[in-house]
Amino acid sequence: MLSDADLTALLLTLRLAAVTTLILLVLGTPLAWWLVHARFRGKAVLEAIVALPLVLPPTVLGFYLLLALGPDGPIGRLMLALGSQPLVFTFSGLVVGSVIYSLPFVVQPLQNAFNLIGKAPLEAAATLRAGPWDRFFTVAVPLARRGFVTAATLGFAHTLGEFGVVLMLGGNIPGRTQVVSIAIYDHVEALNYDSAHMLAGTLLLLSFLLLFVVYAANRRIGVVKP
Amino acid sequence: MSLNAAFRYRQGQFTLDAALDLPAGVTALFGPSGCGKSTLLRCLAGLVRPRGHCRVNGETWQDDDRRLFLPTHRRAVGLVFQDARLFDHLDVFGNLRFAARRAKTLDRLDELIRLFDLAPLLHRRSATLSGGERQRVALARALLTRPKLLLLDEPLAALDARRKAEILPYLARLPEQQPIPILYVTHNLDEVLHLAQRIALMEGGQILAAGPLDALLTRLDLPLALRPDASVLLPVEVENHQPEHHLSALRLGRQRLWTTLLALPVGARTQLRVQARDVELSLDPPSRSAVLNVLPATVMAIAPHRPGQCIVRLAIEQQPLLAWVSERSRQALELEPGKQVYAQIRGLEVA
(Lines give C-alpha, C1' and ligand atoms only; values in the text may rest on other atoms or scores of the structure.)
Protein backbone atom coordinates (compact mmCIF):
# COMPACT_ATOMS: atom_id res chain seq x y z
CA MET A 1 0.00 0.00 0.00
CA LEU A 2 0.96 3.62 -0.50
CA SER A 3 2.05 5.49 2.58
CA ASP A 4 0.21 8.65 3.57
CA ALA A 5 3.11 10.74 2.39
CA ASP A 6 3.13 8.98 -0.99
CA LEU A 7 -0.64 9.39 -1.32
CA THR A 8 -0.28 13.09 -0.57
CA ALA A 9 2.38 13.37 -3.28
CA LEU A 10 0.15 11.51 -5.74
CA LEU A 11 -2.85 13.73 -5.06
CA LEU A 12 -0.70 16.82 -5.29
CA THR A 13 0.64 15.63 -8.65
CA LEU A 14 -2.86 15.00 -9.97
CA ARG A 15 -4.02 18.40 -8.75
CA LEU A 16 -1.00 20.06 -10.36
CA ALA A 17 -1.64 18.28 -13.68
CA ALA A 18 -5.35 19.15 -13.63
CA VAL A 19 -4.83 22.83 -12.84
CA THR A 20 -2.02 23.09 -15.38
CA THR A 21 -4.08 21.43 -18.12
CA LEU A 22 -7.03 23.70 -17.45
CA ILE A 23 -4.89 26.83 -17.59
CA LEU A 24 -3.13 25.59 -20.71
CA LEU A 25 -6.40 24.93 -22.54
CA VAL A 26 -7.62 28.42 -21.69
CA LEU A 27 -4.36 30.09 -22.74
CA GLY A 28 -3.28 27.65 -25.44
CA THR A 29 -6.49 27.73 -27.48
CA PRO A 30 -6.37 31.42 -28.39
CA LEU A 31 -2.60 31.18 -28.83
CA ALA A 32 -2.91 28.24 -31.24
CA TRP A 33 -5.78 29.97 -33.09
CA TRP A 34 -3.74 33.12 -33.40
CA LEU A 35 -0.68 31.25 -34.66
CA VAL A 36 -2.81 29.60 -37.35
CA HIS A 37 -4.93 32.52 -38.51
CA ALA A 38 -2.97 35.70 -37.82
CA ARG A 39 -0.40 36.95 -40.28
CA PHE A 40 2.39 38.94 -38.72
CA ARG A 41 6.13 39.36 -38.82
CA GLY A 42 8.12 37.30 -36.39
CA LYS A 43 5.55 34.52 -36.27
CA ALA A 44 8.37 32.00 -36.63
CA VAL A 45 10.06 33.52 -33.57
CA LEU A 46 6.93 33.02 -31.51
CA GLU A 47 6.51 29.47 -32.77
CA ALA A 48 10.10 28.68 -31.86
CA ILE A 49 9.58 30.06 -28.36
CA VAL A 50 6.44 27.96 -27.91
CA ALA A 51 8.37 24.85 -28.99
CA LEU A 52 11.45 25.53 -26.82
CA PRO A 53 10.31 23.43 -23.82
CA LEU A 54 10.27 20.42 -26.16
CA VAL A 55 14.04 20.53 -26.58
CA LEU A 56 15.39 22.28 -23.49
CA PRO A 57 16.48 20.17 -20.52
CA PRO A 58 13.87 20.84 -17.82
CA THR A 59 16.64 21.92 -15.49
CA VAL A 60 17.51 24.82 -17.80
CA LEU A 61 13.89 25.93 -17.77
CA GLY A 62 13.67 25.43 -14.01
CA PHE A 63 16.89 27.34 -13.44
CA TYR A 64 15.72 30.42 -15.32
CA LEU A 65 12.32 30.27 -13.70
CA LEU A 66 13.98 30.05 -10.30
CA LEU A 67 15.96 33.18 -11.09
CA ALA A 68 12.92 35.03 -12.46
CA LEU A 69 10.48 34.03 -9.75
CA GLY A 70 12.92 34.12 -6.79
CA PRO A 71 12.97 37.06 -4.36
CA ASP A 72 15.76 38.74 -6.36
CA GLY A 73 14.25 38.01 -9.80
CA PRO A 74 12.14 40.55 -11.71
CA ILE A 75 8.88 38.72 -11.13
CA GLY A 76 9.74 37.88 -7.54
CA ARG A 77 10.49 41.51 -6.77
CA LEU A 78 7.24 42.55 -8.39
CA MET A 79 5.37 40.04 -6.24
CA LEU A 80 7.09 41.37 -3.12
CA ALA A 81 6.28 44.95 -4.09
CA LEU A 82 2.65 43.94 -4.48
CA GLY A 83 2.70 42.58 -0.98
CA SER A 84 2.67 38.84 -1.71
CA GLN A 85 5.31 36.15 -1.38
CA PRO A 86 7.55 35.04 -4.25
CA LEU A 87 6.28 31.99 -6.10
CA VAL A 88 9.33 29.79 -5.59
CA PHE A 89 8.76 26.77 -3.34
CA THR A 90 4.97 27.12 -3.56
CA PHE A 91 2.29 25.16 -5.39
CA SER A 92 1.49 28.23 -7.51
CA GLY A 93 5.13 28.34 -8.53
CA LEU A 94 4.88 24.72 -9.68
CA VAL A 95 1.79 25.63 -11.72
CA VAL A 96 3.63 28.47 -13.44
CA GLY A 97 6.56 26.18 -14.20
CA SER A 98 4.32 23.37 -15.44
CA VAL A 99 2.32 25.68 -17.67
CA ILE A 100 5.49 26.77 -19.44
CA TYR A 101 6.97 23.26 -19.43
CA SER A 102 3.87 21.64 -21.00
CA LEU A 103 2.89 24.54 -23.26
CA PRO A 104 3.98 22.95 -26.59
CA PHE A 105 2.19 19.72 -25.74
CA VAL A 106 -1.11 21.62 -25.68
CA VAL A 107 -0.51 24.31 -28.28
CA GLN A 108 0.88 22.11 -31.04
CA PRO A 109 -1.99 19.59 -31.24
CA LEU A 110 -4.44 22.50 -31.24
CA GLN A 111 -2.43 24.29 -33.91
CA ASN A 112 -2.44 21.14 -36.06
CA ALA A 113 -6.18 20.69 -35.55
CA PHE A 114 -7.00 24.29 -36.47
CA ASN A 115 -4.69 24.06 -39.48
CA LEU A 116 -6.43 20.91 -40.64
CA ILE A 117 -9.87 22.55 -40.47
CA GLY A 118 -8.68 25.39 -42.69
CA LYS A 119 -10.76 28.40 -43.63
CA ALA A 120 -13.40 26.68 -45.75
CA PRO A 121 -15.90 25.62 -43.04
CA LEU A 122 -15.47 28.95 -41.26
CA GLU A 123 -16.26 30.85 -44.46
CA ALA A 124 -19.30 28.66 -45.00
CA ALA A 125 -20.43 29.40 -41.45
CA ALA A 126 -20.01 33.13 -42.06
CA THR A 127 -22.30 32.94 -45.10
CA LEU A 128 -24.83 31.22 -42.81
CA ARG A 129 -24.92 34.29 -40.52
CA ALA A 130 -22.56 32.97 -37.84
CA GLY A 131 -20.42 35.71 -36.28
CA PRO A 132 -16.76 35.19 -35.30
CA TRP A 133 -17.38 33.80 -31.77
CA ASP A 134 -20.29 31.73 -32.98
CA ARG A 135 -18.09 30.27 -35.75
CA PHE A 136 -15.34 29.49 -33.29
CA PHE A 137 -17.50 27.67 -30.76
CA THR A 138 -19.96 25.93 -33.09
CA VAL A 139 -17.68 25.07 -36.01
CA ALA A 140 -13.98 25.29 -35.13
CA VAL A 141 -14.14 23.72 -31.66
CA PRO A 142 -16.32 20.72 -32.59
CA LEU A 143 -14.28 20.09 -35.75
CA ALA A 144 -11.08 20.31 -33.68
CA ARG A 145 -12.42 18.09 -30.89
CA ARG A 146 -9.82 15.38 -31.42
CA GLY A 147 -7.13 18.03 -31.22
CA PHE A 148 -8.56 19.23 -27.89
CA VAL A 149 -8.64 15.71 -26.48
CA THR A 150 -5.07 15.08 -27.60
CA ALA A 151 -3.91 18.45 -26.25
CA ALA A 152 -5.54 17.92 -22.85
CA THR A 153 -4.20 14.37 -22.58
CA LEU A 154 -0.65 15.23 -23.54
CA GLY A 155 -0.65 18.32 -21.32
CA PHE A 156 -1.94 16.32 -18.35
CA ALA A 157 0.33 13.31 -18.88
CA HIS A 158 3.38 15.41 -19.50
CA THR A 159 2.81 17.35 -16.29
CA LEU A 160 2.40 14.09 -14.36
CA GLY A 161 5.93 13.09 -15.29
CA GLU A 162 7.53 16.44 -14.57
CA PHE A 163 10.73 16.30 -12.56
CA GLY A 164 13.46 18.77 -13.40
CA VAL A 165 11.44 21.95 -13.37
CA VAL A 166 9.75 21.00 -10.10
CA LEU A 167 13.05 20.13 -8.47
CA MET A 168 14.62 23.44 -9.41
CA LEU A 169 11.59 25.57 -8.67
CA GLY A 170 9.61 23.87 -5.94
CA GLY A 171 12.10 21.79 -4.06
CA ASN A 172 10.74 18.88 -2.15
CA ILE A 173 8.30 20.08 0.49
CA PRO A 174 5.87 17.27 1.36
CA GLY A 175 2.25 18.34 0.93
CA ARG A 176 3.22 21.56 -0.81
CA THR A 177 5.61 20.86 -3.64
CA GLN A 178 6.55 17.21 -3.39
CA VAL A 179 5.26 15.47 -6.53
CA VAL A 180 5.33 11.75 -7.32
CA SER A 181 8.44 11.80 -9.49
CA ILE A 182 10.45 13.42 -6.71
CA ALA A 183 9.01 11.13 -4.04
CA ILE A 184 10.14 8.17 -6.14
CA TYR A 185 13.59 9.68 -6.46
CA ASP A 186 13.73 10.06 -2.67
CA HIS A 187 12.72 6.44 -2.16
CA VAL A 188 15.41 5.23 -4.53
CA GLU A 189 18.01 7.45 -2.91
CA ALA A 190 17.08 5.88 0.45
CA LEU A 191 17.27 2.41 -1.14
CA ASN A 192 13.60 2.03 -0.25
CA TYR A 193 12.81 0.06 -3.41
CA ASP A 194 9.45 -1.36 -2.28
CA SER A 195 7.95 2.08 -1.84
CA ALA A 196 9.55 3.25 -5.07
CA HIS A 197 7.95 0.28 -6.83
CA MET A 198 4.48 1.03 -5.45
CA LEU A 199 4.59 4.66 -6.45
CA ALA A 200 6.25 4.11 -9.82
CA GLY A 201 3.83 1.30 -10.64
CA THR A 202 0.86 3.47 -9.67
CA LEU A 203 2.06 6.28 -11.94
CA LEU A 204 2.73 3.84 -14.77
CA LEU A 205 -0.72 2.32 -14.50
CA LEU A 206 -2.42 5.71 -14.20
CA SER A 207 -0.64 7.11 -17.22
CA PHE A 208 -1.39 4.03 -19.29
CA LEU A 209 -5.07 4.03 -18.32
CA LEU A 210 -5.37 7.72 -19.11
CA LEU A 211 -3.84 7.34 -22.55
CA PHE A 212 -5.78 4.16 -23.27
CA VAL A 213 -9.14 5.65 -22.36
CA VAL A 214 -8.47 8.76 -24.40
CA TYR A 215 -7.31 6.92 -27.50
CA ALA A 216 -10.25 4.52 -27.29
CA ALA A 217 -12.70 7.38 -26.85
CA ASN A 218 -11.12 9.48 -29.60
CA ARG A 219 -11.95 6.80 -32.14
CA ARG A 220 -15.59 6.80 -31.15
CA ILE A 221 -16.30 10.51 -31.25
CA GLY A 222 -18.99 10.60 -33.89
CA VAL A 223 -21.60 13.08 -34.99
CA VAL A 224 -22.14 15.79 -32.41
CA LYS A 225 -25.74 16.85 -32.20
CA PRO A 226 -26.20 20.62 -32.31
CA MET B 1 -34.57 43.34 -55.86
CA SER B 2 -31.33 44.27 -57.57
CA LEU B 3 -27.57 44.21 -57.22
CA ASN B 4 -25.22 47.06 -57.92
CA ALA B 5 -21.54 46.57 -57.25
CA ALA B 6 -18.09 47.59 -58.42
CA PHE B 7 -14.87 46.11 -57.11
CA ARG B 8 -11.16 46.42 -57.54
CA TYR B 9 -9.14 43.72 -55.87
CA ARG B 10 -5.52 42.70 -56.30
CA GLN B 11 -4.27 39.25 -55.51
CA GLY B 12 -0.63 38.76 -56.48
CA GLN B 13 -0.38 39.26 -60.23
CA PHE B 14 -4.14 39.09 -60.71
CA THR B 15 -6.39 42.13 -60.60
CA LEU B 16 -10.15 41.96 -60.48
CA ASP B 17 -11.78 45.08 -61.82
CA ALA B 18 -15.45 44.45 -62.30
CA ALA B 19 -18.76 46.26 -62.07
CA LEU B 20 -22.14 44.58 -62.02
CA ASP B 21 -25.69 45.83 -62.21
CA LEU B 22 -28.23 43.03 -62.04
CA PRO B 23 -31.98 42.68 -61.66
CA ALA B 24 -33.69 39.73 -60.00
CA GLY B 25 -33.40 36.43 -61.85
CA VAL B 26 -30.57 34.14 -62.83
CA THR B 27 -27.48 35.71 -64.33
CA ALA B 28 -24.80 33.33 -65.52
CA LEU B 29 -21.26 34.45 -64.72
CA PHE B 30 -19.41 32.91 -67.57
CA GLY B 31 -15.75 32.78 -68.46
CA PRO B 32 -12.61 30.63 -68.61
CA SER B 33 -11.13 29.30 -65.40
CA GLY B 34 -8.93 31.77 -63.61
CA CYS B 35 -10.78 34.79 -65.00
CA GLY B 36 -11.91 35.90 -61.55
CA LYS B 37 -15.44 34.50 -61.28
CA SER B 38 -14.96 32.98 -57.84
CA THR B 39 -13.04 36.01 -56.64
CA LEU B 40 -15.93 38.23 -57.71
CA LEU B 41 -18.32 36.07 -55.67
CA ARG B 42 -15.98 36.27 -52.67
CA CYS B 43 -16.00 40.05 -52.98
CA LEU B 44 -19.80 40.10 -53.08
CA ALA B 45 -20.00 37.83 -50.03
CA GLY B 46 -17.46 39.92 -48.13
CA LEU B 47 -15.05 37.01 -47.72
CA VAL B 48 -12.30 39.25 -49.07
CA ARG B 49 -12.14 43.00 -48.82
CA PRO B 50 -11.81 44.71 -52.19
CA ARG B 51 -12.04 48.42 -52.87
CA GLY B 52 -15.37 49.59 -54.23
CA HIS B 53 -19.01 49.42 -53.34
CA CYS B 54 -21.80 46.87 -53.14
CA ARG B 55 -25.52 47.49 -52.79
CA VAL B 56 -28.15 44.79 -52.71
CA ASN B 57 -31.80 45.69 -52.92
CA GLY B 58 -31.20 49.19 -51.60
CA GLU B 59 -29.11 47.98 -48.68
CA THR B 60 -25.45 49.01 -48.68
CA TRP B 61 -23.02 46.20 -47.90
CA GLN B 62 -19.90 48.09 -48.84
CA ASP B 63 -19.19 51.71 -49.58
CA ASP B 64 -15.60 52.87 -49.35
CA ASP B 65 -16.65 56.52 -49.49
CA ARG B 66 -18.56 56.01 -46.26
CA ARG B 67 -15.95 53.57 -44.88
CA LEU B 68 -18.65 50.97 -44.66
CA PHE B 69 -17.96 47.26 -44.95
CA LEU B 70 -20.39 44.70 -43.60
CA PRO B 71 -18.73 41.43 -42.58
CA THR B 72 -20.02 38.31 -44.29
CA HIS B 73 -22.23 37.17 -41.42
CA ARG B 74 -24.16 40.44 -41.52
CA ARG B 75 -24.89 40.23 -45.25
CA ALA B 76 -28.07 38.55 -46.49
CA VAL B 77 -26.02 36.53 -48.94
CA GLY B 78 -26.39 32.86 -49.78
CA LEU B 79 -23.28 31.22 -51.18
CA VAL B 80 -23.09 27.67 -52.46
CA PHE B 81 -19.47 26.63 -52.88
CA GLN B 82 -18.26 24.28 -55.56
CA ASP B 83 -17.30 21.77 -52.85
CA ALA B 84 -20.59 22.25 -50.91
CA ARG B 85 -18.69 22.81 -47.63
CA LEU B 86 -21.15 20.99 -45.40
CA PHE B 87 -20.14 20.76 -41.75
CA ASP B 88 -18.68 17.31 -41.17
CA HIS B 89 -19.43 17.41 -37.44
CA LEU B 90 -23.17 17.71 -38.07
CA ASP B 91 -25.61 15.49 -39.89
CA VAL B 92 -27.75 16.84 -42.72
CA PHE B 93 -30.46 18.08 -40.38
CA GLY B 94 -27.82 19.73 -38.20
CA ASN B 95 -26.44 21.53 -41.23
CA LEU B 96 -29.86 22.83 -42.18
CA ARG B 97 -30.67 23.82 -38.62
CA PHE B 98 -27.37 25.69 -38.33
CA ALA B 99 -28.60 28.10 -41.01
CA ALA B 100 -32.26 28.14 -39.96
CA ARG B 101 -31.55 29.00 -36.33
CA ARG B 102 -29.34 31.92 -37.19
CA ALA B 103 -31.61 33.31 -39.93
CA LYS B 104 -34.73 32.57 -37.82
CA THR B 105 -36.23 30.45 -40.56
CA LEU B 106 -36.95 27.29 -38.56
CA ASP B 107 -40.54 27.49 -39.86
CA ARG B 108 -39.22 27.05 -43.42
CA LEU B 109 -37.22 23.90 -42.68
CA ASP B 110 -40.00 21.51 -43.68
CA GLU B 111 -40.66 23.35 -46.91
CA LEU B 112 -37.01 23.22 -48.03
CA ILE B 113 -36.60 19.62 -46.94
CA ARG B 114 -39.55 18.81 -49.19
CA LEU B 115 -38.37 21.02 -52.06
CA PHE B 116 -34.98 19.29 -52.21
CA ASP B 117 -36.21 15.80 -51.25
CA LEU B 118 -33.96 15.71 -48.21
CA ALA B 119 -36.20 13.74 -45.85
CA PRO B 120 -34.38 10.42 -46.42
CA LEU B 121 -30.99 12.06 -45.82
CA LEU B 122 -31.68 14.03 -42.65
CA HIS B 123 -29.77 11.82 -40.26
CA ARG B 124 -26.91 10.95 -42.56
CA ARG B 125 -23.48 12.39 -41.87
CA SER B 126 -22.40 14.73 -44.61
CA ALA B 127 -19.27 12.66 -45.27
CA THR B 128 -21.46 9.75 -46.43
CA LEU B 129 -23.42 11.75 -49.02
CA SER B 130 -22.86 11.62 -52.77
CA GLY B 131 -21.82 14.75 -54.64
CA GLY B 132 -25.34 15.47 -55.83
CA GLU B 133 -26.79 14.97 -52.36
CA ARG B 134 -24.21 17.29 -50.85
CA GLN B 135 -25.07 20.02 -53.34
CA ARG B 136 -28.79 19.65 -52.65
CA VAL B 137 -28.16 20.05 -48.94
CA ALA B 138 -25.86 23.02 -49.57
CA LEU B 139 -28.53 24.68 -51.72
CA ALA B 140 -31.25 24.14 -49.15
CA ARG B 141 -28.93 25.40 -46.42
CA ALA B 142 -28.12 28.56 -48.38
CA LEU B 143 -31.80 29.23 -49.11
CA LEU B 144 -32.65 28.88 -45.43
CA THR B 145 -30.64 32.01 -44.73
CA ARG B 146 -33.34 33.97 -46.62
CA PRO B 147 -30.75 35.52 -48.95
CA LYS B 148 -31.29 38.73 -50.85
CA LEU B 149 -28.47 37.71 -53.16
CA LEU B 150 -27.72 34.11 -54.05
CA LEU B 151 -24.27 33.16 -55.32
CA LEU B 152 -23.74 29.73 -56.84
CA ASP B 153 -20.10 28.87 -57.53
CA GLU B 154 -20.16 26.06 -60.08
CA PRO B 155 -22.53 23.99 -57.97
CA LEU B 156 -22.71 21.32 -60.68
CA ALA B 157 -19.11 21.26 -61.85
CA ALA B 158 -18.06 18.29 -59.76
CA LEU B 159 -21.05 16.19 -60.78
CA ASP B 160 -21.54 13.67 -63.55
CA ALA B 161 -24.33 14.06 -66.09
CA ARG B 162 -26.83 11.99 -64.10
CA ARG B 163 -26.31 14.01 -60.91
CA LYS B 164 -26.58 17.22 -62.91
CA ALA B 165 -29.90 16.10 -64.27
CA GLU B 166 -30.94 15.48 -60.67
CA ILE B 167 -30.19 19.02 -59.51
CA LEU B 168 -30.92 21.13 -62.58
CA PRO B 169 -34.70 21.06 -62.04
CA TYR B 170 -34.27 22.44 -58.52
CA LEU B 171 -32.08 25.23 -59.80
CA ALA B 172 -34.45 26.05 -62.63
CA ARG B 173 -37.24 26.58 -60.09
CA LEU B 174 -35.18 28.93 -57.91
CA PRO B 175 -36.24 32.19 -59.59
CA GLU B 176 -39.88 31.43 -58.82
CA GLN B 177 -39.04 30.46 -55.25
CA GLN B 178 -36.86 33.49 -54.64
CA PRO B 179 -37.25 36.54 -56.89
CA ILE B 180 -33.76 37.79 -56.03
CA PRO B 181 -30.60 38.28 -58.07
CA ILE B 182 -28.94 34.91 -58.51
CA LEU B 183 -25.39 34.80 -59.83
CA TYR B 184 -24.51 31.42 -61.26
CA VAL B 185 -20.84 30.73 -62.02
CA THR B 186 -20.22 28.18 -64.73
CA HIS B 187 -18.17 27.53 -67.81
CA ASN B 188 -20.73 25.18 -69.25
CA LEU B 189 -22.86 26.77 -71.98
CA ASP B 190 -25.56 24.10 -71.63
CA GLU B 191 -26.15 25.15 -68.02
CA VAL B 192 -26.28 28.79 -69.07
CA LEU B 193 -28.92 28.07 -71.71
CA HIS B 194 -30.95 25.97 -69.29
CA LEU B 195 -30.93 28.29 -66.33
CA ALA B 196 -30.04 31.87 -67.06
CA GLN B 197 -32.00 34.82 -68.35
CA ARG B 198 -28.95 37.03 -68.35
CA ILE B 199 -25.27 36.51 -68.76
CA ALA B 200 -22.15 38.34 -67.62
CA LEU B 201 -19.03 37.43 -69.55
CA MET B 202 -15.74 37.60 -67.69
CA GLU B 203 -12.19 37.53 -68.94
CA GLY B 204 -8.93 38.46 -67.23
CA GLY B 205 -10.62 39.86 -64.14
CA GLN B 206 -12.98 42.11 -66.08
CA ILE B 207 -16.59 41.97 -67.22
CA LEU B 208 -16.52 41.93 -71.02
CA ALA B 209 -20.27 42.39 -71.40
CA ALA B 210 -23.43 41.77 -69.44
CA GLY B 211 -27.02 41.66 -70.54
CA PRO B 212 -29.92 39.49 -71.67
CA LEU B 213 -28.77 36.08 -72.79
CA ASP B 214 -30.33 36.13 -76.29
CA ALA B 215 -28.70 39.45 -77.11
CA LEU B 216 -25.21 38.43 -76.00
CA LEU B 217 -25.31 34.99 -77.58
CA THR B 218 -25.36 36.52 -81.06
CA ARG B 219 -22.93 39.38 -80.63
CA LEU B 220 -20.14 38.56 -83.04
CA ASP B 221 -17.62 40.66 -81.09
CA LEU B 222 -17.96 38.45 -78.01
CA PRO B 223 -16.37 35.04 -77.47
CA LEU B 224 -19.76 33.32 -77.10
CA ALA B 225 -20.46 33.39 -80.84
CA LEU B 226 -17.02 31.97 -81.60
CA ARG B 227 -17.33 28.87 -79.44
CA PRO B 228 -17.65 25.47 -81.12
CA ASP B 229 -21.06 25.16 -79.44
CA ALA B 230 -22.20 28.72 -80.25
CA SER B 231 -26.00 28.74 -80.15
CA VAL B 232 -29.09 30.88 -80.25
CA LEU B 233 -32.41 30.52 -78.51
CA LEU B 234 -35.61 30.84 -80.57
CA PRO B 235 -38.86 31.56 -78.72
CA VAL B 236 -41.57 29.37 -80.22
CA GLU B 237 -45.17 28.33 -79.60
CA VAL B 238 -46.46 24.77 -80.03
CA GLU B 239 -48.90 24.80 -82.96
CA ASN B 240 -49.93 21.18 -83.25
CA HIS B 241 -48.68 17.63 -82.87
CA GLN B 242 -48.44 15.01 -85.59
CA PRO B 243 -47.96 11.77 -83.70
CA GLU B 244 -48.16 9.74 -86.94
CA HIS B 245 -44.88 11.38 -88.05
CA HIS B 246 -43.58 11.73 -84.51
CA LEU B 247 -43.32 15.47 -85.14
CA SER B 248 -44.53 18.68 -83.52
CA ALA B 249 -45.13 21.87 -85.45
CA LEU B 250 -43.87 25.05 -83.80
CA ARG B 251 -44.60 28.64 -84.69
CA LEU B 252 -41.88 31.26 -84.89
CA GLY B 253 -43.64 34.46 -85.92
CA ARG B 254 -45.13 33.64 -89.32
CA GLN B 255 -42.76 30.74 -89.88
CA ARG B 256 -43.23 27.12 -88.98
CA LEU B 257 -40.58 24.79 -87.58
CA TRP B 258 -40.69 21.03 -87.15
CA THR B 259 -39.23 19.16 -84.25
CA THR B 260 -39.46 15.64 -82.89
CA LEU B 261 -42.71 15.14 -80.99
CA LEU B 262 -42.78 17.27 -77.82
CA ALA B 263 -44.58 16.48 -74.59
CA LEU B 264 -45.92 20.04 -74.40
CA PRO B 265 -49.57 21.09 -74.80
CA VAL B 266 -50.65 23.00 -77.93
CA GLY B 267 -50.21 26.72 -77.32
CA ALA B 268 -47.33 26.22 -74.91
CA ARG B 269 -44.34 28.54 -75.30
CA THR B 270 -40.81 27.23 -75.17
CA GLN B 271 -37.33 27.94 -76.44
CA LEU B 272 -35.42 26.09 -79.09
CA ARG B 273 -31.67 25.91 -79.06
CA VAL B 274 -30.05 26.03 -82.48
CA GLN B 275 -26.32 25.57 -82.80
CA ALA B 276 -24.40 27.54 -85.42
CA ARG B 277 -22.82 24.36 -86.77
CA ASP B 278 -26.27 22.94 -87.55
CA VAL B 279 -27.25 25.79 -89.88
CA GLU B 280 -26.46 25.73 -93.63
CA LEU B 281 -27.07 28.64 -95.97
CA SER B 282 -28.15 28.65 -99.61
CA LEU B 283 -29.33 31.36 -101.99
CA ASP B 284 -32.24 29.33 -103.37
CA PRO B 285 -34.69 27.19 -101.44
CA PRO B 286 -33.18 23.72 -101.69
CA SER B 287 -35.28 21.36 -103.79
CA ARG B 288 -35.59 17.67 -102.95
CA SER B 289 -33.83 18.19 -99.59
CA ALA B 290 -34.29 15.96 -96.55
CA VAL B 291 -33.93 18.93 -94.21
CA LEU B 292 -37.34 19.74 -92.71
CA ASN B 293 -36.66 23.24 -91.54
CA VAL B 294 -35.79 25.73 -94.25
CA LEU B 295 -36.51 29.34 -93.44
CA PRO B 296 -35.98 32.57 -95.36
CA ALA B 297 -33.48 34.75 -93.55
CA THR B 298 -31.60 38.01 -93.95
CA VAL B 299 -27.84 38.31 -93.41
CA MET B 300 -27.22 40.89 -90.69
CA ALA B 301 -23.49 40.67 -90.01
CA ILE B 302 -20.44 38.59 -90.85
CA ALA B 303 -17.26 38.15 -88.85
CA PRO B 304 -14.17 36.00 -89.32
CA HIS B 305 -14.24 32.95 -87.14
CA ARG B 306 -11.35 30.60 -87.79
CA PRO B 307 -8.94 30.62 -90.73
CA GLY B 308 -11.07 30.07 -93.84
CA GLN B 309 -14.32 30.31 -91.93
CA CYS B 310 -16.79 33.05 -90.99
CA ILE B 311 -19.67 33.29 -88.62
CA VAL B 312 -22.84 34.86 -89.99
CA ARG B 313 -25.61 36.45 -88.00
CA LEU B 314 -28.99 36.13 -89.68
CA ALA B 315 -32.44 37.39 -88.85
CA ILE B 316 -35.49 35.18 -89.10
CA GLU B 317 -38.70 36.96 -88.12
CA GLN B 318 -36.62 39.48 -86.09
CA GLN B 319 -34.96 36.55 -84.30
CA PRO B 320 -31.19 36.22 -84.62
CA LEU B 321 -29.66 32.98 -85.86
CA LEU B 322 -25.98 32.05 -86.19
CA ALA B 323 -24.42 30.02 -89.00
CA TRP B 324 -20.91 29.06 -89.99
CA VAL B 325 -19.87 29.30 -93.62
CA SER B 326 -16.50 28.82 -95.25
CA GLU B 327 -14.76 31.91 -96.50
CA ARG B 328 -14.87 30.40 -100.00
CA SER B 329 -18.67 29.97 -99.83
CA ARG B 330 -19.10 33.47 -98.49
CA GLN B 331 -17.36 34.78 -101.60
CA ALA B 332 -19.16 32.40 -103.95
CA LEU B 333 -22.58 33.29 -102.51
CA GLU B 334 -21.60 36.96 -102.22
CA LEU B 335 -22.87 37.02 -98.68
CA GLU B 336 -23.02 40.48 -97.16
CA PRO B 337 -25.35 42.30 -94.80
CA GLY B 338 -28.83 42.69 -96.30
CA LYS B 339 -28.59 39.61 -98.54
CA GLN B 340 -31.62 37.29 -98.57
CA VAL B 341 -30.77 33.62 -98.01
CA TYR B 342 -32.37 30.34 -96.96
CA ALA B 343 -31.28 28.81 -93.68
CA GLN B 344 -31.49 25.02 -93.42
CA ILE B 345 -31.60 24.00 -89.80
CA ARG B 346 -30.54 20.42 -89.19
CA GLY B 347 -30.76 20.29 -85.44
CA LEU B 348 -33.21 21.73 -82.94
CA GLU B 349 -33.52 20.99 -79.29
CA VAL B 350 -35.77 22.36 -76.63
CA ALA B 351 -33.60 24.39 -74.24
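Here is how names work: the chains are called A, B, and so on, in the same order as the sequence lines, proteins then strands, and each is numbered from 1. Remember, it's a predicted structure, so these values are computed and weren't measured experimentally.
No side-chain heavy atom of B:Gln11 sits under 4.5 Å from any side-chain heavy atom of B:Leu16. Side-chain contact between A:Val165 and A:Leu65 is present, with at least one heavy-atom pair separated by less than 4.5 Å. Side-chain contact check for B:Met202 versus B:Leu29: some heavy-atom pair is nearer than 4.5 Å.
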Apply ring pair (Phe, Tyr, Trp, His ring centres under 6.0 Å) to residues A:Trp34 and A:Phe114 and explain how you reach the verdict. CA-CA 10 Å; A:Trp34 190 53; A:Phe114 290 145; over 10 Å; no
Tell me, with the steps shown, if A:Tyr101 and A:His158 meet ring pair (Phe, Tyr, Trp, His ring centres under 6.0 Å). CA-CA 9 Å; A:Tyr101 176 60; A:His158 190 245; 4.3 Å; yes
I'd like to know whether B:Arg136 forms a salt bridge (charged side-chain N to carboxylate O under 4.0 Å, His left out) with B:Glu133, so could you lay out the CA-CA distance, the side-chain angles of the two residues, the decisive distance to 0.1 Å, and finally the verdict. CA-CA 5 Å; B:Arg136 262 157 56 199; B:Glu133 289 165 342; 5.5 Å; no
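A:Ser102 places no side-chain N or O within 3.5 Å of a backbone atom of A:Val99 that could act as its donor or acceptor partner.
Heavy-atom proximity under 4.5 angstrom to chain A picks out B:Arg42, B:Leu47 from residues 35-51 of chain B. Close approach to chain A, defined as a heavy atom under 4.5 Å from one of its heavy atoms, is seen in B:Thr72, B:His73, B:Arg75, B:Ala76, B:Val77, B:Leu79, B:Phe81, B:Arg85 of residues 62-86 of chain B, taken by number.
What you find for A:Leu25 and A:Thr29 is that their closest heavy atoms are O-OG1, 2.6 Å.
Side-chain contact of A:Ser98 with A:Glu162: a donor-acceptor pair under 3.5 Å is present, judged by distance alone.
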